[in-house]
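Reminder, nothing fancy here: chain letters follow the sequence lines and each chain counts from 1.
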Protein chains: 2
Amino acid sequence: MSSSSSRRRDVTVADVAREARVSKAQAARALGAYGAVSEEVRSRVLAAAAALEYRPNELARSMNTGRSNTLGVVVGDIENPFFSLAMRGISDTAKTEGFDVILINTGEDVAAEAEAVRVLLDKRVDGMIVAPASHLSVGHLRDAVDSGRPLVLLDRQIPDLGVDAVMAKMDDISFTAVTHLIDSGHTRIGYVSSLDVGSWSSGQGMGLGLNPVSERLAGMRRAFHTAGMSAPNDLIRLSAGKPQPIREIVEELLLCPDPATAIIASDSLIALEVLHTIQQLEMRIPDDVSFMMYDDMPWALLMTPPITVVAQPVYEIGAAAAKTLLAHILGRPVMPETLVFHSELLLRGSIGSPKKVTEGA
Amino acid sequence: MSSSSSRRRDVTVADVAREARVSKAQAARALGAYGAVSEEVRSRVLAAAAALEYRPNELARSMNTGRSNTLGVVVGDIENPFFSLAMRGISDTAKTEGFDVILINTGEDVAAEAEAVRVLLDKRVDGMIVAPASHLSVGHLRDAVDSGRPLVLLDRQIPDLGVDAVMAKMDDISFTAVTHLIDSGHTRIGYVSSLDVGSWSSGQGMGLGLNPVSERLAGMRRAFHTAGMSAPNDLIRLSAGKPQPIREIVEELLLCPDPATAIIASDSLIALEVLHTIQQLEMRIPDDVSFMMYDDMPWALLMTPPITVVAQPVYEIGAAAAKTLLAHILGRPVMPETLVFHSELLLRGSIGSPKKVTEGA
DNA sequence: TTGAAAGCGCTAACAA
DNA sequence: TTGTTAGCGCTTTCAA
């Protein structure tokens, strides 16, 4: 009645020790593979453990080693392919070192992010990877740093914090991409991003701009200046969160008196909404409007025409973030403060010349 | 030097108790909001905690409550939008009850899945959600059940296990979908799935077939039989894992002597590869080949022509799985053993009539 | 309502 | 190489 079905009460080291007729300490040493144990004892303990179907209680173990072998990951939206792919990079890398991952989704909400960081700290994760929603409220990140547990930022750097960040360099590629659009004859170029207004955009002049939004904007501005123009600020929309707002924004951009002739989407989720709106407006790419997006999703190649994209090595970015974090945790030599990956502009068919304006010039 | 920067050594209940001049027990009660505490003491303790920036050690708490407020989730591939969307459903639901989620990715590998379940058990999660890779090796799932901690299966049911499962009903919709293809004149219909051969397919005749693969095949067979034909077994390919195999399979299906005139993809990742291959073969949808896929990804609507899909309520399935699991954990009334959602066939432009065969009938 | 003291399951000094 | 004995930080009897 109690032989094979090991219900309820867990088997502990004490049980194993008794079964193997050794002290609890010896049993623990054998099971935990630490300290000195004679071959004799080791095999007896292991046999007893197997017979009893002993499983260690990792909570108890963590409690006195101070290590949980767990990483915390905080992202804005796991549904965003950028994050789910990065997550796989993180997860795969963590697994090779025997670490597991607790994932928390914030919906790009700063309060939720703060709560998430707090929870992870309380759960005693060994370190965490955060894609911060804002560089303005970073108290919780500072707490993380103060706790002494390593923190690595993903996709966005916050200079004052003094922590490592892993991300793709965005200003040069943005310059290249926008220059390509300008060379194709576009001057009315729209940019639609999901990050909250004020969370990152305020630091236009100040700061190092080590985040996707300001880097891309900087590259865009530089491209326009280089071409002897200034960027069309009225076409740069940084709020866009949920579907509805994006549609409205795109309609505005496309139907206003001096409309955008090209649109850049800051990520694939935004891109889907932009494309959907363009479709509903019955406009054609690239005849009526040119289009470009960040992140090389597989479907971009399958569209008619195929979409021109900026491809960043997302999986690798995630993997590198995990690798950096693990280096800190395991006391290995660590790479420079900000690890930068490079992106590529993949030219395809979604960019053409703007339509002749009805009158003027 | 040690005032605001709370470095290293954590503040414990003992510290708070001392600061508040009460016993450790009273401090713990006040902080944990349990037991009886006078208003007087409670406020003193809370004030002390705030002053000391006390943060509970959830590990220690879990260790003697036996509850970790953590759910484990084991999926085949978080990069698959099906799972990442379901994950959001799980994560959102868990959060409303104050639970966090540990995510483990198995790459649809049974051994990795077994290891994952073991790790989660050792970490003392309060319950877990698993999308099992196979119904043949389920020892680890049985261990989970034996451990007494609730388990809920996602997207696949394993009848003998006696645990709850949440999934979309697939046979009827498969029947409907294939019938639609047959009515359009197709008899050579290919089906490409990612699940390993033998993991699920073997139970053709036996078992309840409560898993996506066999349900879909059953519906497909029924559709053919109803139309007085038998299903084209040579066009049903169940192995397909990574990109390369899928391409080869699709080329085979499309270039063999008596080729498929329509292809069904079992999920969106497969669909992308199939579409890519069709594109490289310079074949046109639906003129050269008709196409249909499971899961209504946003991009399916944007393709030219828009893709006909079977849409299942993925987010809701994830949310329901979490809700069911939480019900078990919290001792609430639980729903029936297998919770079934319904899917819809969304007819769009990717299905046409097969090309006239060069000769014969 | 309070406090002292006994665990939770494990690791880690310290002796033997 | 062993065993004894303390803890880790918290909850939870049990008396007071």
Engineer: Across nucleotides 7-16 of chain C, 5' to 3', mark each nucleotide with B, S or - according to how protein heavy atoms within less than 4.0 Å reach it.
Structural biologist: BBBBBBB---
Engineer: Counting only heavy atoms from other residues, nucleotides and ligands, does the tally under 6.0 Å from CZ of B:Arg118 exceed 12?
Structural biologist: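 It does: B:Arg118 CZ has more than 12 such atoms within range.
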Engineer: Answer yes when A:Arg88 and B:Glu79 have at least one side-chain N-carboxylate O distance shorter than 4.0 Å, and no when they do not.
Structural biologist: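 Judged by the 4.0 Å cut-off on N to carboxylate O distance, A:Arg88 and B:Glu79 do form a salt bridge.
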Engineer: Strictly distance-based, threshold 3.5 Å: is any side-chain N or O of A:Asn80 a donor or acceptor partner for the main-chain N or O of A:Gly76?
Structural biologist: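 Absent.
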Engineer: Do B:Arg55 and B:Asp10 meet the salt-bridge criterion of a basic N to acidic O distance under 4.0 Å?
Structural biologist: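 No, this pair does not count.
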Engineer: Using a strict heavy-atom distance below 4.0 Å, which residues from residues 35-50 of chain B are in contact with DNA chain C?
Structural biologist: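 When residues 35-50 of chain B is checked for heavy atoms under 4.0 Å from DNA chain C, the hits, listed by number, are B:Ala36, B:Val37, B:Ser38, B:Val41.
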Engineer: Using a strict cut-off of less than 4.0 Å between a Lys/Arg side-chain nitrogen and an Asp/Glu carboxylate oxygen, indicate whether A:Arg18 and A:Asp15 qualify as a salt bridge.
Structural biologist: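 Answer for the salt bridge query: yes.
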Engineer: Is the number of heavy atoms from other residues, nucleotides or ligands under 6.0 Å of A:Arg21 CZ greater than 12?
Structural biologist: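 No, the 6.0 Å shell around CZ holds no more than 12 heavy atoms from other groups.
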Engineer: It should be established whether B:Gln26 places a side-chain nitrogen or oxygen under 4.0 Å from OP1 or OP2 of nucleotide C:dT2.
Structural biologist: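 Yes, B:Gln26 has a side-chain N/O under 4.0 Å of OP1/OP2 on C:dT2.
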Engineer: Identify each donor-acceptor pair in which a side-chain atom of residues 34-41 of chain B lies under 3.5 Å from a protein atom, sequence neighbours left out, and give them as a table.
Structural biologist:
from	atom 1	to	atom 2	distance (Å)
B:Ser38	OG	B:Val41	N	3.2
B:Glu40	OE2	B:Arg44	NH1	2.7

Engineer: Are A:Glu53 and B:Arg142 within salt-bridge range, i.e. N to O under 4.0 Å?
Structural biologist: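 Salt bridge between A:Glu53 and B:Arg142, a charged N being under 4.0 Å from a carboxylate O: no.
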